[in-house]
Amino acid sequence: MRPTTGLLAVVLPLLAAGCSYSGEWLFPEPDPRVPGVQELGTLEPATVSTYEEIQEAVHYGELAPTGTADIGGATFTFEGTGGAVCIWVDPETVYWSQSVAASNPQPRFSYPDNVRDDGDIDIRAGLSVYYNGSPGVTLGDFQVRYQDELGNSIPVEFNQCVITSEQYPAGGAHSGRAAPEYCTLNNTQLGTSYTVILELFSAPYDDNRLGYGLLLTHGNCENLRNLNPTETDECLILGESIRGDNDHDYREEPFIAQGFTEVEDVSWEGSSTIEGLFCAAYSSAQEGLLEYCLAEEEEIPIRSDCDEPDIRCFCGDIADTPSPGSR
């Protein structure tokens with residue numbers, strides 16, 4: 001039986017409305033004070049020779065989603081020095097895998113991490129002449145296309161940033177959730193402009209604002225690692241867990257603080273403590289991290305309270321612990 005004219009009059013407008021579906025509700029609401037795409041300006045590589053100098057050379061800021069499917073993040077430029085330059089970024093806060101092994105467990109990591117306060121930043125860098133984004137407007141990359149004799153479009157990658165990390169010392173992969181990421185640009189061309197991309201791969205679930213600490217220094221990144229008094233990269237930069245309720249406007253000033261001394265005033269209380277305990281647990285059998293989480297649970301026994309905007313829990317909910325051998 002053919003549909004009636006009245007039924008078509010109802011169905012056709014619905015189909016037309018379906019075609020205009022935007023899906024905007026799937027994306028977090030952008031914050032006008034924290035643009036989804038930021039331009040941080042031109043930075044000067046710092047010269048550091050001690051751990052204390054490293055702490056005071058860190059630029060602190062925040063990234064936030066664009067509110068659309070467009071990729072968010074930030075860019076900055078620097079001039080080549082004729083030698084090596086290290087780019088190092090540490091996104092908030094710290095992440096560990098809970099130890100639930102049936103045999104040979106690690107008690108210091110037996111409490112779960114709170115993943116809602118963690119984010120991820122990916123680095124790319126190269127000569128500014130190859131950068132195809134619009135600073136402060138859209139994030140781009142260093143890919144250039146040319147046509148061969150057969151008319152095929154061939155992409156050529158000019159990203160010079162080879163990521164190495166504790167997880168992937170040989171390079172070839174990004175560091176992942178809440179982990180520091182760094183790369184060395186060797187033999188930079190003196191006086192030539194380089195662009196660095198800090199791509200917002202993921203923002204924290206709790207407030208959709210990702211605090212970070214950024215270092216740009218003369219020399220190889222291994223020099224910074226050798227100056228680190230701890231055995232893990234996480235504690236080279238401290239204090240990057242910035243409270244999202246600050247009133248800083250990143251449209252007017254790209255960084256909220258310069259150096260650890262300044263950022264303490266806007267960081268979450270206890271964030272540097274949890275990083276230090278993680279670094280100690282990572283490099284030894286110390287159980288300070290577990291003791292901290294047990295104390296936090298005692299102070300905030302109703303773990304759903306951790307979702308309140310004025311409360312920050314660095315440890316997860318022990319009730320979410322999977323049983324050994326379960327899927």
Side-chain angles (χ1 to χ4, degrees), residues 26-31 33-38 40 58-76 87-98 112-124 139 161 163 165-168 173-183 196-215 232-246 248 250 254-257 260 263 266-275 278-279 306-309 311-316:
L26 294 170
F27 303 102
E29 188 72 20
D31 186 334
R33 297 172 304 167
V34 192
V37 178
Q38 301 178 31
L40 307 179
V58 181
H59 299 277
Y60 291 94
E62 291 180 273
L63 301 178
T66 61
T68 68
D70 295 332
I71 297 174
T75 56
F76 68 88
I87 307 159
W88 188 300
V89 66
D90 189 353
E92 67 169 303
T93 303
V94 63
Y95 172 76
W96 66 86
S97 297
Q98 185 184 12
D113 173 49
N114 176 22
V115 299
R116 295 179 59 81
D117 66 339
D118 299 330
D120 189 2
I121 292 176
D122 292 341
I123 303 176
R124 297 194 300 279
L139 218 62
C161 207
I163 304 299
S165 65
E166 291 174 323
Q167 293 81 11
Y168 302 99
H174 291 287
S175 297
R177 183 194 297 273
E181 183 158 304
Y182 49 88
C183 74
V196 179
I197 303 171
L198 307 179
E199 181 182 316
L200 177 61
F201 186 82
S202 68
Y205 300 139
D206 58 2
D207 61 3
N208 287 311
R209 291 173 62 150
L210 175 59
Y212 67 89
L214 169 67
L215 271 171
T232 178
D233 296 333
E234 179 60 47
C235 287
L236 187 75
I237 294 177
L238 299 173
E240 76 279 357
S241 185
I242 298 170
R243 291 183 62 99
D245 58 2
N246 68 78
H248 186 81
Y250 291 93
F255 299 112
I256 194 172
F260 180 67
V263 83
V266 292
S267 295
W268 279 100
E269 183 179 359
S271 62
S272 296
T273 299
I274 198 72
E275 287 183 283
F278 167 82
C279 293
C306 293
D307 294 329
E308 296 297 324
I311 297 177
R312 171 56 63 95
C313 297
F314 299 107
C315 307

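The figures that follow rest on heavy atoms only: side chains count, while hydrogens, waters and symmetry mates do not. Predicted, not measured: the structure shown is a model, and the values here were computed from it.
- The minimum heavy-atom distance between Pro30 and Thr66, with the atom names listed, is CB-O, 3.9 Å.
- Val263 approaches Leu238 most closely through the heavy-atom pair CG1-O, 4.4 Å.
- Across Leu40 and Pro254, no two heavy atoms sit closer than the pair CD2-CB, 3.7 Å.
- Note that CD1 of Ile237 is 6.5 Å distant from OH of Tyr60, once rounded to the nearest 0.5 Å.
- Shown here are the ring pair (Phe, Tyr, Trp, His ring centres under 6.0 Å) partners of Phe314, two or more places apart in sequence or in another chain: there are none.
- Within a 6.0 Å radius of CZ in Phe201, other residues, nucleotides and ligands contribute 12 heavy atoms or fewer.
- Between Ile123 and the options Ile197, Leu214, Ile163, a side chain to side chain contact (heavy atoms under 4.5 Å, CB included) holds for only Ile163.
- Arg243 pairs by the salt bridge (charged side-chain N to carboxylate O under 4.0 Å, His left out) definition with Asp245, not counting sequence neighbours.
- Annotation: side chain to side chain donor-acceptor pair (under 3.5 Å) contacts of Asp206 (sequence neighbours excluded): Arg312.
- Summarising the geometry of Phe260 relative to Ser272, their closest heavy-atom pair is CE1-OG, 3.5 Å, with the distance given to 0.1 Å.
- Proximity of a side-chain donor or acceptor of Asn114 to a complementary backbone N or O of Cys313 within less than 3.5 Å is detected.
- Trp96 and Cys315 make their closest contact through CH2-SG, 4.3 Å (heavy atoms, listed as atom of the first residue, atom of the second, distance).
- The CD atom of Glu240 sits 14.5 Å away from the CH2 atom of Trp268 when rounded to the nearest 0.5 Å.
- Residues Pro180 and Ser175 share a closest heavy-atom pair of O-OG, 2.8 Å.
- Taking CD1 from Ile121 and CG from Leu63, the interatomic distance works out to 4.5 Å, rounded to the nearest 0.5 Å.
- With rounding to the nearest 0.5 Å, the separation of OH in Tyr182 from CG in Asp90 is 11.0 Å.
- Although no hydrogens or angles enter the test, the distance criterion places a donor-acceptor pair under 3.5 Å between the side chain of Thr93 and the main chain of Asp117.
- For Arg124, the salt bridge (charged side-chain N to carboxylate O under 4.0 Å, His left out) partners two or more places apart in sequence, or in a different chain, are Glu199.
- Of the inter-residue distances, the one linking Asp120 atom CG with Leu200 atom CG reads 8.5 Å to the nearest 0.5 angstrom.
- Side-chain N or O atoms of Glu92 include one that pairs as donor or acceptor with a backbone N or O of Gly211 at under 3.5 Å.
- Every residue two or more places apart in sequence or in another chain that forms a salt bridge (charged side-chain N to carboxylate O under 4.0 Å, His left out) with Asp31 is listed here: Arg33, Arg209.
- Under a 3.5 Å cut-off, the side chain of Gln38 and the backbone N or O of Glu62 do form a donor-acceptor pair.
- Listed by chain and residue number, nothing satisfies the salt bridge (charged side-chain N to carboxylate O under 4.0 Å, His left out) test with Asp118 (two or more places apart in sequence, or in another chain).
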Yes or no on side-chain contact (heavy atoms from CB on, under 4.5 Å) for Glu234 and Phe278, after CA distance, side-chain angles and deciding distance? CA-CA 8 Å; Glu234 179 60 47; Phe278 167 82; 3.9 Å; yes
